[in-house]
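Some notes on the structure that comes next.
Atoms within each ligand, like the ligands themselves, are counted from 1 in listed order. In this chain, numbering begins with 1 at the start of the sequence shown.
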Amino acid sequence: MLGYFGPAGTFTHQALLTFSTDPAMPFATVGEALDAVREGVVEAALVPIENSVEGGVTVTLDTLASGRPLTIVREVLLPVQFNLCARPGTRLEDVRRVLTHPHAAAQCRGWMHEFLPAARITGGGSTAAAAEEVSDPSSKYDAAICAQVAGDLYGLEPVATGIADNADAVTRFVLASRPTEPPARSGADKTTLVAYMRADRSGALLEILEQFSSRGVNLSRIESRPTKTGLGNYCFSIDAEGHLRDPRVAEAMLGLHRICADVVFLGSYPRADGVRPAIADGFTDEEFAAARAWYASLIHPED
Ligand SMILES: O=C(O)C(=O)C[C@]1(C(=O)O)C=C[C@@H](O)C=C1
């Protein structure tokens, strides 16, 4: 069974329904969903990782970067639109306290400032958990910022629709499973990894970037995250174009192992937008296999 950041009605749930309608298990936090994968409670879990307006979902980046390794096997892109939903009969001018997910609050900041400047916004578990909470007549919250489906599911009515400051926002979700063989190379793939920098090395970030640029591998995301071991200690969460079985990606990974304190491979999987890298690899299956074996012998030298 698959798990997801829930409850039912979250954007994550909608993203899950785009590829699976089998019964799935909701979790109240991203951390609980990923821990359930690590503990074998669910096979894999879908969690949000990146939003086109608000950037990285830090709890997801940090939970994937530390602890027992997980492998991303799929990504999903979902356009996100927000409504202000309340118990039936509530008018806009009655709304004083609003509950939602912090990412949703950030994406509706301008609208809230213009139309409900006096309202207090609280960031809670998820947009659907906010809708569920608001549906309780004794709740201290008057409204939730959530998806239309969450409002409908928990018996709320929209007080205002389409309240996002950017109508074209998209959130990216990843399906993380226990360590497994990456899905086969599709030709339009992405590789996610975390590189732990050597703190005492000058030009360390430049060297990390060079591993990719010198081999013509484009990066679609790079963000620094504190390693939580002390001020100034950072790692880089990176999405690179291509598959671990592409020789240029395998070589970039090998290069990273040589210069970084640690490298965590988090998976190679088909890109949801199907975009192929600008530089196509003209390598044979044998060359792919060799690149893969080379990388495998480096990260599992005993095998
Ligand atoms: O709360 C939800 O519904 C989620 O799925 C989480 C989440 C996020 O973390 O970014 C997903 C999409 C929206 O951008 C707002 C919230």
Side-chain angles (χ1 to χ4, degrees), residues 2-20 24-37 42 44-65 72 74-85 98-112 121-135 139 141 143-154 156 158 160-176 192 221 223 225 237 239 272-273:
L2 299 181
Y4 66 94
F5 174 45
T10 55
F11 288 100
T12 314
H13 187 211
Q14 292 179 58
L16 178 74
L17 291 173
T18 64
F19 68 92
S20 170
M25 202 182 283
F27 292 90
T29 65
V30 167
E32 283 169 41
L34 295 177
D35 282 348
V37 181
V42 289
L46 193 71
V47 291
I49 192 166
E50 182 186 4
N51 173 266
S52 61
V53 176
E54 269 307 293
V57 180
T58 52
V59 61
T60 301
L61 298 175
D62 294 352
T63 313
L64 287 173
I72 298 172
R74 180 196 277 268
E75 70 168 6
V76 179
L77 301 178
L78 188 82
V80 288
Q81 271 134 21
F82 301 97
N83 288 352
L84 185 71
C85 294
V98 176
L99 184 66
T100 191
H101 184 280
H103 257 223
Q107 290 176 73
C108 302
R109 203 179 282 129
W111 189 93
M112 290 297 294
I121 311 178
T122 305
S126 67
T127 54
E132 191 176 21
E133 159 70 33
V134 168
S135 71
S139 171
Y141 299 102
I145 296 175
C146 60
Q148 176 70 44
V149 290
D152 292 347
L153 199 60
Y154 298 103
L156 305 181
T161 56
I163 66 168
D165 300 329
N166 182 329
D168 303 317
V170 173
T171 298
R172 178 175 159 234
F173 301 85
V174 289
L175 184 65
T192 299
R221 184 182 60 84
E223 29 197 324
R225 293 294 307 152
S237 173
D239 289 334
D273 59 12

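Considering backbone and side-chain atoms alike, T10 places every N or O at 3.5 Å or more from each N or O of ligand 1. Residue-to-ligand polar distances place F11 within reach of ligand 1: an N/O pair is separated by less than 3.5 Å.
Protein heavy atom nearest atom 3 (O) of ligand 1, with residue, atom name and distance: T127 OG1, 2.5 Å. Closest protein heavy atom to atom 9 (O) of ligand 1: H101 CE1, 3.1 Å. The protein atom (non-hydrogen) at minimum distance from atom 6 (C) of ligand 1 is F5 CE2, 3.7 Å. In terms of protein heavy atoms, atom 10 (O) of ligand 1 is closest to H103 ND1, 3.1 Å.
Residue E54 does not touch ligand 1, judged by heavy-atom distances below 4.0 Å. Here S126 has heavy atoms under 4.0 Å from ligand 1 in both its backbone and its side chain. Contacts between T171 and ligand 1 below 4.0 angstrom, taking non-hydrogen atoms only, involve the side chain exclusively. Contact annotation for T12 and ligand 1: heavy atoms of both the backbone and the side chain come within less than 4.0 Å of the ligand.
Ligand 1 is approached by Q107 to a heavy-atom distance shorter than 4.0 Å.
The residue from T58, V57, T63 that alone fulfils the side chain to side chain contact (heavy atoms under 4.5 Å, CB included) condition with T60 is V57. A side chain to side chain contact (heavy atoms under 4.5 Å, CB included) with I145 is found for one member of V98, V134, N83 and no other, namely V98.
Between D62 and R225 there is a salt bridge, with a side-chain nitrogen of the basic residue lying less than 4.0 Å from a carboxylate oxygen of the acidic one.
Looking only at distances, a side-chain donor or acceptor of S52 sits under 3.5 Å from a matching main-chain atom of V170. The backbone N or O of G6 lies less than 3.5 Å from a partner atom in the side chain of S126, making a donor-acceptor pair. Without hydrogens or angle criteria, Q107 side chain to A164 main chain gives no donor-acceptor distance under 3.5 Å.
The N51 neighbourhood of ligand 1 comprises atoms 14 (O), with distances under 4.0 Å to a heavy atom of that residue.
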Run F11 and F173 through side chain to side chain contact (heavy atoms under 4.5 Å, CB included) and show every step you take. CA-CA 9 Å; F11 288 100; F173 301 85; 3.9 Å; yes

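For the residue pair D239 and T192, a side-chain donor N or O sits within less than 3.5 Å of a side-chain acceptor on the partner.
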